[in-house]
Amino acid sequence: MDTVSIEVKNSTITKRNKIKVSIGERTFDLANVLLILLLCAITLYPFWYVLVLSLNEGKDAARGPIWFWPREFTLQNYEYVIRNPYIVHAFLITVTRAVIGSLVSIGVMFLAAYSLSKRNLAGRKTYLYFLMIPLFIGGNVVTNYVVMAKLGMLNNFLVYILPGAFSFFFMIIIRTFIEQLPESLEESAMLDGAGHYEILKSIIAPLSKPIIAAMLFFSVVSHWLDLSTNLLYVTDRSLYVVQYVLYMVVLSSSPGDLSDITNVAMRLQSQSSGSLPTPEVLKMATLIAVTLPLLFIYPFFQKYFVKGMLVGAIKA
Amino acid sequence: MKSSKLSSQFILHVFLLPAVVLTLLFNYLPMFSNVIAFMEYDIFAGWMGLGSKWVGFDNFAFLQEDWFYELAMRTLFYSASMLLFSFPASLILALLLNELRNQTFKKFAQTISYVPHFVSWVTVASLIYIFLSVDISGLVNNLKVALFGGERILYMQQSEYFLPVMIISQVWKEIGWGSILYLAAISTIDPQLYEAATVDGAGRWRQLLHITLPGLVPTTIVLMIFSLGGLFSGNFDQIFNLQNQVIQEKTNIISTYTYYRGVKGAEYSIATAVGLFSGVISFILLKIANFTGKKIGDTSII
């Protein structure tokens, strides 16, 4: 009898509460949606603004502010970007390093992760400590430079591949994933006489596709976004990556660098007729060309990297 | 039996070889190269320049010079200001996203909010220079002149605008990505707690205050620990790309300073000494943070 009356009381209370706050809640919900929409707009508008200007004729763009839509539409700016041999070559280098670098990196980390997932591995703790210590103490920009110079890594394509290939953090994420796989599969394969190599190749690797996809994505992203490797260790123009070219076109204050790349536009201009794109719109077209490719592949990988992040977070 | 176990283990060691060799070459060698902080380093003296003259702590004379304290304080101040804004920003975004009722809209907003994370600091700095330019394409100056009139301002040539630009760019770039872990933590909170609170008549605001926020404490502590370790090194990419020659001296942090002096200026020993000192401080900060984390929230990263 008592409990029933309490329940009734409670339900009336919640009902009353709901009615009372519903107007307040609705206002909040609306405000929340509007605020989030505003945030989305703030996030995307800078890209849109630059895209619009990069699609506008240069001299016209200098005449007055443009906000949302090109005033004098043209693809000419992109034509200059594509015909600039430095940029095209930088794209080739960046794609090559992203593909090779990611494959090497995943190979190295996956092999290590598999070995370290074996509890009975002799010296497992030692390996782990050895690989983990650099997370906490290490060199700095200068000692890295000195070592790279001595290892012959300056102006060497391998500097894009090897130094960043192994990441302890990502290796642990892969290992956590492998440890979650059912052990029985491995055991039965072992009884059938399969060695570690066969097990890794025909059982573990196929089962690890989701984590490999996530790592592949992260690896490609970090290769694409990397500026400092080029900045620190590469002065040979034939090895420049896209981020460095963008840096030189838009940000570098040393006039030599800048003119090298924008002068190409001048030279191309003398060969063709028509008006010359201004440096401003050329900068914007370069920015879009360098930035956009990654933004296109990212939605496809979203479900993988969010999962990958979470595995890492749980471990951390 | 034993020999077969050994031979089966052998290949596991082979699997580990690439990782070990890479770590040795690209992590341990630079780590040991810190000894050049105690030398008058000459890159051509002996193997790896290890034949250079030992000078003890001479290169650490900067510890008694004013410029270093200015540099160190600026590094800490920049990092701390950025933490102060970016932590609450991501947390608040996560809470707002969590209150959205339409799940499709929530997914959409999340996807948009991650976009700037997949953009390099070169791009972000370029966007900032374009927006703050005095040219007609400089949107901020266009707005300023349209609304308030007056002169167009060379924002990036004046160091007092650097800190706000840094904070805004950091929050803009990482607010969405930073909210992922908070959202994940919110989703692990027991739904029964919310049901019980509803039954007790707690509205959404009180549920937020008494259930969601306390549920986020462990995550926040872990993230804090991670970022405390970086307090003294700062984000090289960000500062380097936002700087220009006019304001460089007034906006350098330790990592950009060691780059300019060490790599560009080839003063290897002194720059390494500065780098080593800041590395030691970072390590101590990390240890302190980890210890505190263990005490408060039963969480640690080591």
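FYI, side chains are in, hydrogens and waters are out, and symmetry mates aren't considered; it's all heavy atoms of this structure. Reminder, nothing fancy here: chain letters follow the sequence lines and each chain counts from 1.
Ring geometry for F130(A) against Y28(B) counts as parallel: the plane angle stays under 30°, on a 0 to 90° scale with 60° as the upper cut. The aromatic rings of F218(A) and W177(B) sit perpendicular to each other, their planes meeting at more than 60°, with 30° as the lower class boundary.
In this structure, F68(A) has its ring center closer than 6.0 angstrom to the ring center of Y45(A). In summary, the aromatic rings of F296(A) and W224(A) are positioned with their centroids too far apart to meet the 6.0 Å limit.
Only the side chain of W67(A) comes within less than 4.5 Å of a heavy atom in chain B; its backbone stays farther off. Contact annotation for A61(A): only backbone heavy atoms (N, CA, C, O) come within less than 4.5 Å of a heavy atom of chain B. With a threshold of 4.5 angstrom between heavy atoms, L242(B) does not approach chain A through any atom at all. I42(A) touches chain B through backbone and side chain together, each having a heavy atom under 4.5 Å away. Neither the backbone nor the side chain of F32(B) comes within less than 4.5 Å of any heavy atom in chain A. Contact of M109(A) with chain B is not made at all, since no heavy-atom distance falls under 4.5 Å. In this structure, chain A has heavy atoms under 4.5 Å from both the backbone and the side chain of Y259(B). Using a 4.5 Å cut-off between heavy atoms, V221(A) contacts chain B through its side chain alone, with no backbone atom that close. Both the backbone and the side chain of L246(A) come within less than 4.5 Å of a heavy atom of chain B. In this structure, chain A has heavy atoms under 4.5 Å from both the backbone and the side chain of N241(B). Heavy-atom distances place no part of F110(A) under 4.5 Å from chain B, backbone and side chain included. Of the atoms belonging to F168(A), not a single heavy atom falls under 4.5 Å from chain B. In this structure, chain A has no heavy atom under 4.5 Å from any part of L17(B). Heavy-atom distances place the side chain of M148(A), and not its backbone, under 4.5 Å from chain B. For Y127(A), the part lying under 4.5 angstrom from a heavy atom of chain B is the side chain only. With a 4.5 Å cut-off on non-hydrogen atoms, L200(A) touches chain B through its side chain but not through its backbone. The part of L39(A) that comes within reach of chain B is its side chain, from C-beta onward, which places non-hydrogen atoms under 4.5 angstrom from that chain. When heavy atoms are compared at a cutoff of 4.5 Å, L100(B) approaches chain A by way of both its backbone and its side chain.
The choice from S278(B), A19(B), G262(B) that makes the most heavy-atom pairs within less than 4.5 Å of chain A is A19(B). When L121(A), L294(A), N144(A) are compared by the number of non-hydrogen pairs under 4.5 Å with chain B, L121(A) comes out ahead. Among the candidates F240(B), W121(B), F283(B), the residue making the largest number of heavy-atom pairs closer than 4.5 Å to chain A is F240(B). With respect to chain B, the highest number of heavy-atom pairs below 4.5 Å among A122(A), G139(A), S115(A) belongs to S115(A). Taking L131(A), T143(A), D226(A) one by one and counting their heavy-atom pairs under 4.5 Å with chain B, the maximum is reached by T143(A). Looking only at heavy-atom pairs under 4.5 Å with chain B, the residue among L232(A), V281(A), L111(A) that has the most is L111(A). Each of L127(B), N27(B), L16(B), I175(B) has some count of heavy-atom pairs under 4.5 Å with chain A, and the biggest count is that of L16(B). Interface remark: of the candidates F105(B), W172(B), Y268(B), W172(B) forms the most heavy-atom pairs closer than 4.5 Å to chain A. Counting heavy-atom pairs closer than 4.5 Å to chain A, the top-ranked of the candidates R204(B), R261(B), E267(B), E99(B) is R204(B). Most heavy-atom pairs under 4.5 Å with chain A: of the set D135(B), L22(B), I136(B), this distinction falls to I136(B).
No salt bridge links R26(A) with D29(A); every basic N to acidic carboxylate O contact stays at or beyond 4.0 Å.
Residues F277(B) and I254(B) are not in side-chain contact: their nearest non-hydrogen atoms beyond the backbone lie 4.5 Å or more apart. Using a 4.5 Å heavy-atom cutoff, the side chains of T23(B) and P134(A) are in contact. Residues V124(B) and P116(B) are not in side-chain contact: their nearest non-hydrogen atoms beyond the backbone lie 4.5 Å or more apart. Residues Y182(B) and L95(B) have side chains not in contact (no heavy-atom distance under 4.5 Å, counting atoms from C-beta outward). Counting only heavy atoms from C-beta outward, the side chains of N230(A) and Y247(A) never approach each other to under 4.5 Å. By the 4.5 Å heavy-atom criterion applied to side chains, I137(A) and N34(B) are not counted as neighbours. Two residues are said to be in side-chain contact when any heavy atoms from C-beta on lie closer than 4.5 Å; L53(A) and E280(A) fail this criterion. Put simply, the side chain of T258(B) does not reach to within 4.5 Å of the side chain of N140(A), judged on heavy atoms.
The two residues L132(B) and M156(B) make their nearest non-hydrogen contact at CD1-SD, 3.7 Å.
A 6.0 Å sphere centred on OH of Y197(A) holds no more than 12 heavy atoms belonging to other residues, nucleotides or ligands.
Between the side chains of Y129(B) and N244(B), at least one donor N or O lies within less than 3.5 Å of an accepting N or O.
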